[in-house]
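Please read the structure below before turning to the comments.
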Amino acid sequence: VSDPQRANIPMGDGAEFDAIREMLAEWGDLARGVGDDAALLDVALGRGEQLVVSTDASVENVHFRREWMTPEEIGGRATAAALSDLAAMAASPRALLLALGVPESWREELVRLARGVGAMAERASCPIVGGNISRARELSLTITVLGSTAAPLRRSGARPGDSVVVTGRFGGPGAALRALLDGNVPTPADAARFASPVPRLEEARWLAKRGAHAAIDISDGLLADANHLARASGVTLSLDLDAIPRVDGVTAREAAASGEEYELLVALPGDARVATRDFAARFDLPLTVVGSVVAAEGEPVQLRGAPIDLARGHDHLS
Ligand SMILES: [Mg+2]
């Protein structure tokens with residue numbers, strides 16, 4: 001896998017091309033159509049299918065610190081975060097582009113970063129079709145993903161009477177982050193949820209097929225993202241704080257505020273109990289009803305069993 005000749009891309013000499021060759025060698029067949037000024041994609045869209053595009057930046061000392069994760073985890077986590085936005089739309093990944101800002105102190109770790117990106121892309125069956133590499137003061141990975149779907153889920157489709165359901169269990173990334181910031185060692189389970197999130201791509205398509213009306217992925221925290229969905233839909237989400245499924249050792253409040261979960265929050269019509277049972281049988285993951293959609297009244301998110309000051313969430317620019 002580490003044989004640069006395998007990439008067999010006619011490129012020039014120099015440090016930049018050496019770096020690109022190393023990454024292409026690491027990715028092997030996962031890298032497609034690289035070598036021209038731009039990628040040519042055979043995106044044959046089916047009837048009614050739309051292209052879905054999203055981009056996401058992961059910046060050292062803003063989104064993570066070097067000592068918190070392995071380079072493989074940093075690459076995989078950045079890729080999962082980008083793919084999670086396709087999951088939120090119930091789209092299937094089609095291609096990925098990676099723009100890297102690389103300080104000299106990270107140069108030796110480039111292949112390990114690429115390995116993390118490649119492993120997550122492969123898991124999502126998503127070819128890597130291009131990118132860019134530039135010297136920078138801090139490491140950054142900006143990942144653009146292209147997907148497609150004939151039945152996109154959006155934030156704006158929730159209707160009164162829908163159930164509000166979530167995938168997975170909450171609180172792990174928040175607990176890991178608190179431990180790291182306090183100079184403690186997170187539990188292995190919390191550390192794994194923080195460093196190795198999984199985009200819920202298949203789960204989202206399953207829920208879309210099941211008739212879901214709206215969805216969002218949880219990057220800012222369950223309550224903050226519930227707010228985004230409620231505002232976009234012009235409804236109120238009435239949530240039961242105690243119903244939020246959570247990992248061991250965290251409170252309901254912590255679970256509700258924990259960001260970078262990359263789980264899904266979905267507005268689902270019909271009998272949600274049947275859906276949760278079928279979902280659990282299909283995926284090794286719980287689907288849990290945490291509330292219901294009601295007509296807009298007062299705050300976009302109303303919490304049973306807690307004061308509303310919780311629903312502030314995370315501000316990327318603060
Ligand atoms: Mg998102």
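For the numbers below, each heavy atom of this structure counts, side chains included, while hydrogens, waters and symmetry mates do not. Atoms within a ligand are numbered from 1 in the order they appear, just like the ligands themselves.
The Mg ion (ligand 1) lies at 2.8 Å or more from every N, O or S atom belonging to Asp225.
Checking Glu49 against Ser148 by side-chain atom types alone, a donor-acceptor pair falls below 3.5 Å. Between the side chains of Thr167 and Glu263, a donor-acceptor pair is found at a separation under 3.5 Å. With 3.5 Å as the limit, one finds a donor-acceptor pair spanning the side chains of Ser238 and Arg304.
When each of Asp217, Ile216, Val166 is tested with Asp225 by the rule side chain to side chain contact (heavy atoms under 4.5 Å, CB included), just one qualifies, namely Ile216.
Within Asp217, OD1 is the N, O or S atom that lies nearest to the Mg ion (ligand 1). Restricting Asp85 to its N, O or S atoms, the one at the least distance from the Mg ion (ligand 1) is OD1.
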